[in-house]
Each structure stands twice: as structure tokens, then as C-alpha cells.
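Quick note: numbers below take in every heavy atom, side chains included, and nothing from hydrogens, waters or symmetry partners. All residue numbers refer to positions in the sequence shown, counting from 1.
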Amino acid sequence: MADHKVLAGARVVLPTGIVDSGRVIVAGGRIVGHAPADAPSVDLTGHWVVPGFVDMHNHGGGGASFTSGTVDEVLKGVHTHLLHGTTTVVASTVTGDMDFLAHRAGELSELAEQGDIAGIHFEGPFISPCRKGAHSEDLLRYPDPAEVRKLVDAARGHARMVTLATELPGGLDSVRLLAEHGVIAAIGHTDATYEQTIAAIDAGATVATHLFNAMPALGHRAPGPIAALLQDERVTVELINDGTHLHPAALELAFRHAGPDRVAFITDAMDAAGFGDGVYHLGPLEVEVRDGVARLVEGGSIAGSTLTLDTAFKRAATIDRLPVESIVRAVSANPAKVLGLYDRVGSLEPGKDADLVVLDAEFTLVGVMRKGEWVVEPRPA
């Protein structure tokens with residue numbers, strides 16, 4: 001009984017709403033319903049307590065790449081985002097040689113088995129050269145189901161998501177293959193039409209990779225993938241809320257049409273997240289980060305982000321003026337549900353992992369707990 005912790009006095013965001021002067025009770029690494037009368041209490045009056053953030057699309061941080069870093073470097077990147085409230089992270093790779101990606105999947109799967117990451121997301125190489133963004137065109141390939149299967153198998157059950165340009169030859173068959181194996185097929189870096197996008201959703205695609213970015217713009221005669229992805233209730237749309245990737249009006253459009261239950265905030269972070277300006281590499285491509293914005297040295301395309309989810313949360317609350325409950329769904333519940341992890345993370349409910357974030361009245365992060373242990377210990381307001 002001695003390991004009980006009672007977090008008291010905060011505004012607690014639950015699936016059912018906001019509880020003023022609420023309590024969260026933690027024991028044995030999980031949230032529990034009751035505590036003994038003499039359990040130690042932490043006064044969090046004046047703060048918010050929200051579920052730990054779940055990032056389903058993240059390429060690295062702290063100077064470390066999830067695509068090419070050593071095990072220690074990957075762990076450093078994971079810890080960097082943990083310090084910013086991300087208690088569950090999927091490691092995303094970028095386009096590379098197939099044999100390299102398969103080998104990398106095996107390495108990352110070991111970290112997934114240890115619980116350090118929540119799985120692997122392959123962003124590329126099965127994407128459109130017309131919408132390649134910060135991916136090496138020389139390494140792009142059609143989504144041959146046999147090659148998609150090679151990466152899924154290499155991940156040893158830890159492949160969570162594959163981003164595809166589903167209009168390419170083999171695209172729809174690859175979507176069906178992924179759906180059969182319980183892996184998310186995400187539509188992204190695509191030049192698909194509206195009709196082609198609907199066909200991919202019908203085949204089993206359920207996620208839009210960073211909606212609006214690396215896809216045709218919304219048109220009144222050729223609505224393209226954006227309209228299809230926003231309209232279809234089967235699809236969760238990723239948004240990068242850093243003020244660079246999206247105009248606030250685009251963010252509002254997505255929330256208005258998809259609704260708060262179908263939006264997932266992601267970072268799409270690269271090595272520079274939590275590390276600073278400088279020159280980095282994203283796969284084989286050189287990237288310069290200046291004033292926190294990452295762009296390819298050659299061509300100037302935006303190359304991922306330097307975002308952390310605490311910044312995305314604060315921006316959503318203070319600039320976009322979204323309801324706090326909607327933001328919590330976007331950074332925690334919705335990605336956890338898409339990833340199939342909602343039975344363990346994504347909300348503050350008894351039985352779930354004690355993963356939580358403490359924010360002050362201005363929505364600045366002041367505390368992080370993962371599995372019942374403080375990573376960043378808050379101080380009373």
C-alpha cells in the first residue's frame with residue numbers, strides 16, 4: 001500500500017469531461033480507484049492533469065534519428081520526447097534501401113519488445129515522386145505487396161503503420177495486405193484523386209498521413225484526397241500543429257469536418273526536436289534547421305518538424321482556442337485508439353498505465369509521469 005500516490009486539486013481531464021479539484025490515484029504503475037487514508041498526496045491545485053501524449057508519427061529528437069541512430073541514440077530521442085510529455089511513441093522511418101529498412105525494422109522491434117517504443121511506422125519508400133517531400137526520389141518504389149510484406153515481417157509483429165501513395169501500382173493490394181495483418185495503411189505523400197482516395201479507404205486505409213501536407217490542395221472541381229479523407233468517418237487525420245505546416249484556418253477546417261474524435265496531433269519530428277538549430281540528415285538528405293524550421297538544403301522543402309507535443313498542445317489551447325477536451329483527444333485518446341493501445345494508454349481511467357502530464361494554468365508542461373514514476377516532478381503552483 002505504501003506505493004500509492006494521490007494527485008489532488010488539479011483540473012483533471014477524463015473521457016467524461018473535466019473534473020475541477022479532481023484526484024488521480026496511482027499504485028503499482030497504474031491508475032487505481034481507491035487509496036488508503038494515509039496515502040501521500042501531491043497538491044496540484046492550479047494545474048491541469050491530462051493523459052500522457054501518444055505520438056504515432058515521430059522520426060527522432062534530441063539529436064538522434066529513429067531511422068539511423070544507434071540503440072542508445074534512439075533511446076535518447078525517446079527520452080527527449082518523454083520530457084515533453086510523450087509517454088508513448090511510435091518510431092517512424094524515412095525512405096531508404098529496402099534491405100536497410102528491413103534490417104532497421106529488426107533493430108527497432110527489439111526496442112518495441114522492451115517497451116521503449118510502441119512500434120514502427122514506415123513512411124516510404126512506397127510514396128509518390130510527385131509528393132516526395134523530404135524523401136530521396138532515387139529510393140522510391142511502387143508499393144509491391146511482396147515488398148510491403150517484407151517490411152512487415154521484418155518488424156516481427158511491431159509494424160504499426162505504413163504510409164503509402166495508394167494510387168501507385170500495387171497500392172490497393174498493399175492496403176488490403178496491411179489490413180489483413182492488422183497494420184494501419186495510411187494514405188500520404190500521395191497524388192491521388194478524390195475517387196482513388198475513396199477506393200483506398202474502401203480497401204482498408206484508415207489514416208491520413210499529415211493531412212494537407214504532401215498531397216494535392218483542395219480544389220472545387222478536383223477535390224483530391226483532402227476532401228475524401230475529411231469526409232470519411234473511417235479515417236483519422238494526422239495534423240502537425242506547429243504553426244509552420246498548417247495555417248490555423250486549415251486546422252480549424254480539419255476539426256470542423258473530421259470532428260474531435262478523428263484528429264490526431266503528431267510531431268513528424270526529426271533529430272533537431274528538443275536539440276536546436278543546425279545541419280542534420282533525414283535519411284540520405286541534408287537538412288538545415290533555422291529558427292526551429294527544418295528544410296532540405298537542396299530545394300528547400302519542409303523536412304519534418306522540430307515540434308514536441310507539449311508545444312502542439314499549448315498552441316492548440318492558447319492560439320487555436322480549441323476546447324481542452326478536444327486537444328486531449330487529439331494528443332492522447334485518438335492516436336491510442338488508432339494504434340490499438342487504448343486499453344492501456346490514452347486516458348486517465350482505473351486499470352490503465354499511470355501515464356500523465358501536468359500543465360500549469362497557461363498550459364506549460366510542469367510534470368510528466370510514466371508508469372507511475374515521475375520523469376519530470378511538478379512543484380506546487
Worksheet item: Between CG of Leu356 and CZ of Arg370, what distance do you get to the nearest 0.5 Å?
Response: 12.5 Å
Item to complete: Show the numbers, then the answer: is there a salt bridge (charged side-chain N to carboxylate O under 4.0 Å, His left out) between Glu147 and Lys150?
Response: CA-CA 5 Å; Glu147 294 200 321; Lys150 177 180 178 179; over 6 Å; no
Worksheet item: Which one of Asp268, Leu296, Asn213, Thr244 satisfies the side-chain contact (heavy atoms from CB on, under 4.5 Å) criterion with Ile302?
Response: Thr244
Discussion item. Please evaluate residues Lys76 and Asp72 with respect to the criterion salt bridge (charged side-chain N to carboxylate O under 4.0 Å, His left out), reporting the C-alpha separation (whole Å), side-chain torsions for both, the decisive distance (0.1 Å), and the verdict.
Written reply: CA-CA 6 Å; Lys76 178 183 178 183; Asp72 286 344; over 6 Å; no
Practice prompt. Give the intermediate values and the outcome of salt bridge (charged side-chain N to carboxylate O under 4.0 Å, His left out) for residues Asp353 and Arg344.
Written response: CA-CA 6 Å; Asp353 290 350; Arg344 294 193 291 108; 3.5 Å; yes
Discussion item. What verdict does the side chain to side chain donor-acceptor pair (under 3.5 Å) test give for His121 and Thr163, after you've listed the backbone C-alpha separation in whole Å, the side-chain angles of each residue and the deciding distance to 0.1 Å?
Written reply: CA-CA 8 Å; His121 163 217; Thr163 291; 2.8 Å; yes
Practice prompt. Would you check, one step at a time, whether the test salt bridge (charged side-chain N to carboxylate O under 4.0 Å, His left out) holds for Asp355 with Lys371?
Written response: CA-CA 5 Å; Asp355 292 354; Lys371 296 186 184 297; 5.4 Å; no
Practice prompt. Would you indicate whether Arg131, at its atom CZ, is surrounded by more than 12 heavy atoms from other residues, nucleotides or ligands within a distance under 6.0 Å?
Written response: yes
Discussion item. Val235 vs Val207, test: side-chain contact (heavy atoms from CB on, under 4.5 Å). Steps then yes/no.
Written reply: CA-CA 5 Å; Val235 176; Val207 166; 5.7 Å; no
Discussion item. Walk me through whether Tyr280 and Phe275 qualify under side-chain contact (heavy atoms from CB on, under 4.5 Å).
Written reply: CA-CA 11 Å; Tyr280 299 83; Phe275 202 66; 3.3 Å; yes
Fill in: Trace of the side chain to side chain donor-acceptor pair (under 3.5 Å) decision for Glu349 with Ser347
CA-CA 6 Å; Glu349 297 177 88; Ser347 65; 2.5 Å; yes
Discussion item. Just to verify, what does Pro51 make a side chain to side chain contact (heavy atoms under 4.5 Å, CB included) with, not counting sequence neighbours?
Written reply: Val328, Ser332, Leu348
Item to complete: Run the numbers on Ile18 and Glu325 for side-chain contact (heavy atoms from CB on, under 4.5 Å), then give the verdict.
Response: CA-CA 7 Å; Ile18 297 171; Glu325 302 98 314; 3.7 Å; yes
Item to complete: Measure from the ring center of His57 to the ring center of His210 and say whether it is less than 6.0 Å.
Response: yes
Worksheet item: Between OG1 of Thr236 and CG of Leu211, what distance do you get to the nearest 0.5 Å?
Response: 11.5 Å
Fill in: Test: Lys314 cationic atom under 6.0 Å from Phe363 six-membered ring centre, within 45° of axis
no
Item to complete: Start with the C-alpha distance between Asp291 and Asp277, add both sets of side-chain angles, then the distance that settles side-chain contact (heavy atoms from CB on, under 4.5 Å), and finish with yes or no.
Response: CA-CA 7 Å; Asp291 298 327; Asp277 288 358; 4.2 Å; yes
